[in-house]
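Here the structure is laid out as structure tokens; the discussion comes afterwards.
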Amino acid sequence: MPDPGDLLADLTDDQRAAVTHAEGPLLILAGAGSGKTRVITRRVAYLLQQGVRPGSILAITFTNKAAGEMRQRVEKLVPGNRVWVSTFHSLGARLLRQYADRLGIDRNFTIYDTDDRNKLVKDALAATGMDDVKFSPDRLGGAISKAKNQLLTPNGYEKTANDFFTQTVAKVYHGYEKRLRAANAMDFDDLLYLPAQALRLNEEFRRDLDSRFRYVLIDEYQDTNSAQYEVARRLSVDHPNLCVVGDPDQSIYKWRGSDIKNILDFERDFPAARVITLTRNYRSTKNVLHAAGALIDRNKQRKKKALVTDNPAGEPVRVLTFDNGLDEAEGVVVRIKEAVKAGRFRYRDHAIFLRINALTRSLESAFVKHGVPFQIVKGLAFFERKENRDVLAYLRLVANPQDNVSFLRVVNAPSRGVGKTSLDRLVAFAGREEMPLLAAAAQVARIPEIKGKGASGLRDFYRLVTELRTKLDLPPHELIDLVIKQSGYEKMLRDSDDPEDADRLANVSELVTAAKQYHDENPDSKVVDFLEQITLASDTDGWDEAADHVSVMTLHSSKGLEFPVVYVMAVEEGLLPHERSLGKDEDVEEERRLCFVGMTRAMKELHLCHARMREFRGQLNYAIPSSFLGELPRDSSVEHVDLSMTRNVARGAADEWRAKVAPAARDWADTGVRPFIPPKKPEEAASIVVPPDTGLAVGALVQHDEYGLGQVTDLSGFGALRRVKVRFPGHGEKVFVADKAKLKVVGRRQG
DNA sequence: GTGACAGCATGTTAA
DNA sequence: ATGCTGTCAC
């Protein structure tokens, strides 16, 4: 056991107070870069050192990677002590499997991701007979997810449904749940919702777990949802040693159900709570903090809190203006390359953050072109490839024969002569008999409408899966190997003429390798564990921190990380803040927090980039600098650098751009950028698509083929995503895609 | 009835 | 780029 002094020696008074806080609820409001990970880790170590048994400590982190790191650090501080550290979702999955008998569930359940969920939603929607409803499965699934996050059962939700959409959701929700249970599957929300319900309704279960986990620590508490809150709260009744750490300014997951009130109301929920605020920042320069602080200060729904640091002022935050998105990508890559060449930084010191994944593509080519090593941090991408999803579907079906989504995915891959018609009949039969599709396939003889190739194909498939089921105890990689050989999947790819199939074959082999690696690291693991690990992996879990490359990720993924040099790209209206937030103050504030999170990842240098033109879905459009740029301080902490003039071709375009969009971006122009006014070059500017003036404006009167005369009440988005809202007397408000809608402007009201 | 193909709409952030 | 739908030849 180390001396307690060792654990506490290098901490500030506030940090020490948080670490040594004995019993009772504790709220740590930890500003960005204030060393919160360190505080939690030390606190766990300190508790162990005080004689708390490792098994009675539960620590919850935001990613599996963070969980692994914390487990290791604790073990290093207090050797021989393994504590339970996991994410909320992994915790839920583990509890559900561990207590399956008590909770009346089958412990071999499959975890469905969003794609799987949407397939079931689609099926449930079709079964309601409301096929003509134009709500997408994704949207309905999202609503169901939100309902589960708020612990609403289908019946509970139905009672609150008060319009056509929510009533549709209620109907679909019923059917969706039925299908999930029939498939012995859990969606992501179930992993939180079911434990939360069990803790709420089953007092004995609750009491057992409460005394099992006497000390509960939760990181990133500002991003917990109602189900997670319920779990935390119910585990802290008899032993209210709940320690939560978070920062309301970094709450960026409201869209997936997180409720910032959980952290804001902690003191109300636990009146005895001690509150410790950490505002000293150890990460960033004064300039970075000053700029980020000015930005976040614009949020109205916010308790004022200023971060302070003893670090030097450092370089100014730089706002970089590029002519277009390709210039931006290359400009950033070249700057990084030069910084490395000059010996100022290594590649791994750099990170590039983006608002949306789609923007990584142009970066990729710039990296390749300049020979700069990079990693796009999106761990799941590999497992999301079609071929790997197929192979994993086999695995899932073998592990859980009720998994109908997986059945449908692979029953005819490779082709076994089971087409749509045969499948429809099989599905109808299985529905009548209330049995899983695989079981129905076994009884294909009872379905006279399926004959010939279809019948024999289903029989073969059933035999294949049954055969593989006897091998379920093999290590995951060996079972995968059997799957791809015996199913004929490997042969199908090898015999194909399509050159892409060679890549697919390589990916499948790589999947075997990944499974083997997983099994080497977790020798006791079985197929179900491997599948679970893949499904619950976070994007950053696959990130290789140690390698010397530039890291590229979304702003959301960047939470919790830090880098010496940070570039945030495409800081433009419509992207950051994202257009979907426009007009909704709460959502814009979340976008601002997102920007704040990105900025505060930077230790030494921070660059915010934007381009004047950006290609989006094949269309080159003018881009307006983000209003957030206009909210940065107007002092020496921020420097504006216009790099667009370095390209001759840009000159005419830059001029026209200014004329078109500068008035709309007055905020930005006021920041002190000195515009470069080049001579006109119309022949070059001609390649720029100027969105035609459609006459659509709020107040305009429009004619629609079906609804008749209406008035425009709202416009949002731009380019292909531009939406127009129209109020029709007698039909209410309708939203159209501006490009596509058959709307004729017939006049306008003054306005 | 099956499967290959083209044409189509679709697209924020994520466990 | 992807998945879904409709069309067409076997």
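Heavy atoms only: backbone and side chains are in, while hydrogens, waters and symmetry mates are out. The model shown is predicted, which means the values in this text are computed figures rather than measured ones. Below, chain A is the first sequence line, B the second, and so on; all start at residue 1.
Contact between the side-chain N/O atoms of A/Arg580 and the OP1/OP2 oxygens of B/dT12 is found at a separation under 4.0 Å. Close to C/dC10, at under 4.0 Å from its OP1 or OP2, lies no side-chain N or O of A/Lys453. Contact annotation: A/Ser422 side-chain N/O to B/dT2 OP1/OP2 distance is under 4.0 Å. Between B/dT12 and A/Asn357, no contact under 4.0 Å exists linking OP1 or OP2 to a side-chain N or O. In terms of phosphate contacts, A/Ser90 brings no side-chain nitrogen or oxygen within less than 4.0 Å of OP1 or OP2 of B/dA15. For the pair A/Asn64 and B/dA15, the criterion of a side-chain N or O lying under 4.0 Å from OP1 or OP2 is not met. Checking the phosphate oxygens (OP1, OP2) of B/dG1, a side-chain nitrogen or oxygen of A/Arg425 falls inside 4.0 Å. Put simply, A/Ser557 has no side-chain N or O that comes within less than 4.0 Å of OP1 or OP2 on B/dT13. Here A/Thr554 reaches the OP1 or OP2 of B/dA14: one of its side-chain N or O atoms lies under 4.0 Å away.
The aromatic ring of A/Tyr253 is not stacked on the base of B/dT13, since the criterion of ring centres less than 5.5 Å apart with planes inclined by under 30° is not met. The aromatic ring of A/His578 is stacked on the base of B/dT12, with the two ring centres less than 5.5 Å apart and the planes inclined by under 30°.
Atom CZ of A/Phe88 and atom C1' of B/dA14 are 16 Å apart (whole Å). Taking atom CG of residue A/Asn118 and atom P of nucleotide B/dT10, one finds them 15 Å apart after rounding to whole Å. Atoms CZ (A/Arg593) and P (B/dT12) sit 20 Å apart, rounded to a whole Å. Distance A/Glu590 CD to B/dA14 C1': 12 Å, rounded to the nearest Å. Atom NZ of A/Lys146 and atom C1' of B/dA14 are 16 Å apart (whole Å). Straight-line distance from the CG atom of A/Asp187 to the C1' atom of B/dA14: 14 Å, rounded to whole Å. For the pair A/Lys119 NZ and C/dG3 P, the computed distance is 8 Å after rounding to whole Å. What separates CG of A/Asp539 from P of B/dA14 is a distance of 5 Å, to the nearest Å.
Ring geometry, A/Tyr518 versus A/Phe530: the interplanar angle falls from 30° to 60°, so the pair is classed tilted.
A/Arg117 and A/Gly142 get closest at one heavy-atom pair: NH2-N, 3.6 Å.
Proximity note for A/Lys122 (side chain, C-beta onward) versus C/dT5, B/dG1, B/dG3: the nearest is C/dT5. Distance from the side chain of A/Arg355 is smallest to B/dT12 among B/dT12, B/dT2, C/dG3.
Across all strands shown, A/Asn412 has heavy atoms under 4.0 Å from sugar-phosphate atoms exclusively, and none from any base. Within the nucleic acid shown, A/Ser415 comes within 4.0 Å of sugar-phosphate atoms alone, with no base atom in reach, counting heavy atoms only.
Tested against A/Phe62, the residues A/Tyr221, A/Phe88, A/Tyr253 include a single ring-ring contact (aromatic ring centres under 6.0 Å, His included) partner, A/Tyr253.
Judged by distance alone with a 3.5 Å cut-off, no donor-acceptor contact links the side chain of A/Ser538 to the base of B/dA14.
Taking a cutoff of 4.0 Å between a charged side-chain nitrogen and a carboxylate oxygen, A/Asp115 and A/Lys119 do not qualify as a salt bridge.
Within a 6.0 Å radius of CG in A/Asp585, no more than 12 heavy atoms belonging to other residues, nucleotides or ligands are found.
In this structure, A/Ile356 and A/Asp189 both approach DNA chain B, and ranking their closest nucleotides by distance from the 5' end singles out A/Ile356.
Centroid-to-centroid, the aromatic rings of A/Trp255 and A/His578 stay 6.0 Å apart or farther.
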